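Values reported hereafter were calculated over all heavy atoms of this structure, with side chains retained and with hydrogens, waters and symmetry mates removed. In what follows, chains are A, B, ... by sequence order, proteins preceding strands, each numbered from 1. If you're wondering where the values come from, they're calculated on a predicted model, not measured in any experiment.
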Amino acid sequence: MTVTAWISIVALVWCFVLFLSYLLTLIRKGKPEDLSQKSGNTAKGILYSNTGAMMPNAKESAYMHLPTYTAGIIFHLGNFLSLLMFVWVIICCCCNLYTPAILAWILAACLTISSICGFSIFVKRAFSKNLRSLSCFDDYFSNGICTLFQIAGLLLMLSQAGPLAAHASVLLNVYFIVAAVLFFWMPLGKIRHLLYYFSARCHLGFFYGWRNTWPPKKA
Amino acid sequence: MDNITKEQRKAALDVMRATLAADSKFQTHLNACVKCGLCATSCMYYIAYKDPKFIPGRKVDLVSSIYRRYFTPEGKYFPALFRAKDLDAKMAEEMVDCLYGGCTMCGRCVKHCSIGVDVAYIVKKGREMLAAMGLVPKTLQATVDAALNTGNNMAIPTEEFLDTLKWMEEELQDEMNDEKANIPVDQHDKKIMYTLNPREPKFFPLSISAMAKVFYAAGESWTLSSKYYDVTNYGYFSGNNAHAAQIAQYLYDEVHHLGAKQLILGECGHGSRASRWEGPNLIKHPYDFEMETVLELMAEYIRSGRIKVDKSLNTTLCTLHDPCNLVRNGGLLQEMRFVVKSCVSNFVEMTPHGNDNFCCGGGGGALAMSEYNERRLKIGEIKANQIRATGAKIVITPCHNCVDQLMQLNHTYKLGVTIKTVAEIVADALVITPAAAKPDPANDTATSAAGHSSEPAEKDPTLF
């Protein structure tokens, strides 16, 4: 294990501890107490909130903005893939394993597509007047560091698959440094929505489920 | 706006602190927005003005930036990196403009948010902070004050209210050709205490006689209160929860005072919400009597055969406006349509409708805030275009707030339609035979009832 690998693991622990503290705080505070008489089914509301309500045909933010929505979905899939890949890379480092070439090529291809999507979202934020008015350093940096993490992973896979093998050591160190920065920033910036997204969906499902709005009924 | 004082800032931050401590909802929604901006096209204000300040995510950011500044270490020490902002005069001014004057709290953006941020809830909390700072727009506060001081938000004197009821009762008796047809007032131990939007006695008294006709046909045991009949609660929109609780308490206490078994909420979207969903939370305990909207009551009447309706009596092409607080935020999408479709033979939906409906533009207290009249009518053009596209000649809506706004849109955009409440449509479709009408024999008339009890049981000189 290199020093940079250890740094990234320390950052991951920092990230994990802070996210855990956020989660425990949410659990401790609990859901709002509603003294009104329930009309619907909150369990079904929460289920719908996390399933049907997330379908592209259910939200204007999806079906009216399909290119951005699609790019966002792919970018997020790339983020989750990158996080899984980080675990795999650490295991490889600990156990002296190598990613099979075919898998490395597949991962590289996926990360190429997702990082392009991430970059396109970054560009949109930078050039759209509306988004600029909403954005601060955190918005650009959070998007940028996630995209960079995917690119670093992509280059690492290329080094393991062959084309960049000569730079494997450098790319591995770069990969760990980028990972460390990402993990350090995650609980501080807007990437916190990794946790709060699920909490928001549950609160919304509870709210609409209580009032019998969700699951939706036919008009 | 002049500088805000330390006391004002502290009051606002105390509201935020208390809300954060209460449960996980506020913390969740403050941290969930990713500022993707995709909510913009779901907001009437943004669609009408194309101004970034009206993007729902921007409204959330106004409140969350204060949260970051005062309640997170990163915002406290590195405010520029995280857009953490001081609660100063400029910020307060922007909040008043966007949270009161740039949002009807319709919740349309909530359903369409890519994350699920409850924007309307955050806006409500922002308004609560502003109310704690004493920054409620004067016109909205005047409406709340009227309700607090007189029992109804239009400060209608009791004598005027009773005169209107008497007039409507005579109309009802003429129409039914039955002297027993009545509008009971202040009668004790009736099954139902019915409530009104003060706009009804003030501007639309025929909607009172329409509902009285429905009660007459159903043979219902009901009464109005001469003192606390107002279903509205603008305290909910002003953000002053103490005021909202006091107004909710008026209705709660009056149901007990009259010994009614059930509170029926008249045709008012936010009023129904303020009692049905928010009331128990405002007064901090569940209601110990039944409560439902008049829509649900009429649906029960029709389903059970207690009233008979003939849809061939309403043949003009009708459309329906979904009040946000009854449908998206109240779950009555199907009940409302069941009643309306039982009573009209020619019906067309707006696009979009139901949970996706656009607000009329007068919600969230907008109708009470004359400071923002121009905005209200401008965003209302979206609703006007929806109505025009249906080709309907009658627009039905179970909300007097919406009725008022729709009438103004009708005039401004020359729609050439008639606006009706659901009770009016039901009354028009009623089939009343001598056998069907079973007036409650115990009901006295408005005149006699008022004569018997025009003096409130607990006369409060500050109220009238």
Side-chain angles (χ1 to χ4, degrees), chain A residues 22 25-37 39-40 49 53-54 58-62 64-65 68-69 72 125 128-139 141-142 188-190 192-193 195-197 199-205 207-208 210-214 216-219, chain B residues 20-25 27-42 52-53 55 57-58 61 72 74 80-83 110-118 121 276-281 283-287 291 327-334 337 349 353-356:
Chain A
Y22 299 155
T25 304
L26 291 179
I27 292 170
R28 180 176 56 78
K29 289 181 177 178
K31 64 179 173 53
E33 185 187 18
D34 196 331
L35 298 171
S36 66
Q37 193 179 351
S39 172
S49 179
M54 290 305 295
K59 300 152 82 89
E60 286 184 351
S61 55
M64 286 176 70
H65 307 271
T68 304
Y69 171 78
R125 185 172 288 281
S128 156
K129 180 186 156 198
N130 279 352
L131 287 180
R132 273 205 316 276
S133 77
L134 282 173
S135 303
C136 63
F137 174 82
D138 173 41
D139 296 290
F141 188 76
S142 293
L188 301 178
K190 77 168 186 182
R192 283 194 284 211
H193 75 269
L195 170 68
Y196 290 107
Y197 162 82
S199 180
R201 295 306 314 174
C202 290
H203 275 295
L204 206 59
F207 175 82
Y208 283 138
W210 187 275
R211 296 178 179 211
N212 202 27
T213 300
W214 279 358
K217 321 292 180 297
K218 283 189 177 173
Chain B
L20 283 166
D23 54 61
S24 63
K25 187 172 180 177
Q27 181 178 342
T28 290
H29 290 301
L30 286 173
N31 283 288
C33 181
V34 294
K35 294 184 245 173
C36 66
L38 300 180
C39 50
T41 45
S42 298
K53 77 176 180 181
I55 297 172
R58 178 92 177 86
D61 190 58
T72 68
E74 63 273 14
L81 297 184
F82 299 97
R83 201 184 175 101
V110 178
K111 179 183 177 290
H112 292 292
C113 171
S114 58
I115 295 285
V117 177
D118 195 339
Y121 168 80
R276 172 68 181 86
W277 301 111
E278 317 294 348
N281 299 310
I283 67 172
K284 313 282 187 208
H285 61 80
Y287 284 17
M291 171 172 48
V327 176
R328 189 164 39 241
N329 296 306
L332 293 179
L333 179 144
Q334 284 185 320
R337 280 168 174 74
E349 291 278 16
H353 62 269
N355 292 338
D356 284 339

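- The contact between Leu131(A) and chain B is made entirely by side chain atoms (from C-beta outward), counting heavy-atom distances below 4.5 Å.
- Contact annotation for Arg125(A): only side-chain heavy atoms (C-beta onward) come within less than 4.5 Å of a heavy atom of chain B.
- With respect to chain A, the highest number of heavy-atom pairs below 4.5 Å among Glu349(B), Gln334(B), Arg337(B) belongs to Gln334(B).
- Note: Ser61(A) leads Ser61(A), Gly30(A), Ser199(A) in heavy-atom pairs under 4.5 Å with chain B.
- Both the backbone and the side chain of Ala219(A) come within less than 4.5 Å of a heavy atom in chain B.
- Considering only heavy-atom pairs separated by less than 4.5 Å from chain B, the leading option among Gly205(A), Gly72(A), Ala200(A), Pro216(A) is Ala200(A).
- For the pair Asp34(A) and Asn281(B), the minimum side-chain heavy-atom distance is below 4.5 Å.
- In this structure the side chain of Lys25(B) reaches within 4.5 angstrom of the side chain of Phe207(A), judged on heavy atoms.
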- From CA spacing to verdict: side-chain contact (heavy atoms from CB on, under 4.5 Å), His203(A), Ser24(B): CA-CA 9 Å; His203(A) 275 295; Ser24(B) 63; 2.9 Å; yes
- Query: Arg328(B) and Tyr208(A): side-chain contact (heavy atoms from CB on, under 4.5 Å), yes or no, with the steps?
  - Reply: CA-CA 8 Å; Arg328(B) 189 164 39 241; Tyr208(A) 283 138; 4.1 Å; yes
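- If you tally non-hydrogen atom pairs under 4.5 Å between each of Leu332(B), Thr72(B), Asp356(B), Thr41(B) and chain A, the highest count goes to Thr41(B).
- Looking at Lys31(A), the atoms closer than 4.5 Å to chain B (heavy atoms on both sides) all sit in the backbone: N, CA, C or O.
- Between Tyr196(A) and Leu26(A), the closest side-chain pair of non-hydrogen atoms falls below 4.5 Å.
- For Gln37(A), the parts lying near chain B are the backbone and the side chain together; criterion is any non-hydrogen pair under 4.5 Å.
- In terms of non-hydrogen atom pairs under 4.5 Å with chain B, the most contact-rich of Thr25(A), Asp139(A), Asn212(A) is Asp139(A).
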- Message: I'd like to know whether His65(A) forms a side-chain contact (heavy atoms from CB on, under 4.5 Å) with Ser114(B), so could you lay out the CA-CA distance, the side-chain angles of the two residues, the decisive distance to 0.1 Å, and finally the verdict.
- Response: CA-CA 11 Å; His65(A) 307 271; Ser114(B) 58; over 6 Å; no
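- Note: Lys218(A) leads Arg28(A), Lys218(A), Lys129(A) in heavy-atom pairs under 4.5 Å with chain B.
- Ion pairing between a basic and an acidic side chain is recognised when a charged N comes within 4.0 Å of a carboxylate O; Lys190(A) and Glu74(B) show no such pairing.
- Taking the side chain as every heavy atom from C-beta outward, Leu188(A) and Phe82(B) approach each other to under 4.5 Å.
- The two residues Cys39(B) and Ile55(B) make their nearest non-hydrogen contact at SG-CG2, 3.8 Å.
- The part of Asn355(B) that comes within reach of chain A is its side chain, from C-beta onward, which places non-hydrogen atoms under 4.5 angstrom from that chain.
- At a 4.5 Å heavy-atom cutoff, the contact between Thr68(A) and chain B is made by side-chain atoms alone.
- Residues Lys59(A) and Met54(A) meet the side-chain proximity criterion, which asks for heavy atoms closer than 4.5 Å.
- Using a 4.5 Å cut-off between heavy atoms, Trp210(A) contacts chain B through both its backbone and its side chain.
- For Leu81(B), the parts sitting under 4.5 Å from any heavy atom of chain A are the backbone and the side chain alike.
- Both the backbone and the side chain of Leu20(B) come within contact range of chain A, each with at least one heavy atom under 4.5 Å from a heavy atom of that chain.
- For NZ of Lys29(A), the number of neighbouring non-hydrogen atoms (other residues, nucleotides, ligands) closer than 6.0 Å is greater than 12.
- For Leu333(B), the part lying under 4.5 angstrom from a heavy atom of chain A is the side chain only.
- Options Lys217(A), Glu60(A), His193(A) differ in how many heavy-atom pairs under 4.5 Å they form with chain B, and the most are formed by Glu60(A).
- Judged purely by atom type and a 3.5 angstrom limit, Arg211(A) has no side-chain atom pairing as donor or acceptor with the backbone of Gly331(B).
- With a 4.5 angstrom heavy-atom cutoff, Ser49(A) does not touch chain B via any of its atoms.
- Note: Ala58(A) leads Ser128(A), Ala53(A), Gly40(A), Ala58(A) in heavy-atom pairs under 4.5 Å with chain B.
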- Apply side-chain contact (heavy atoms from CB on, under 4.5 Å) to Arg58(B) and Lys35(B), showing your working. CA-CA 8 Å; Arg58(B) 178 92 177 86; Lys35(B) 294 184 245 173; over 6 Å; no
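- Interface residue Val110(B): backbone and side-chain heavy atoms are both found under 4.5 Å from chain A.
- Within the 4.5 angstrom heavy-atom criterion, only side-chain atoms of His353(B), from C-beta onward, approach chain A.
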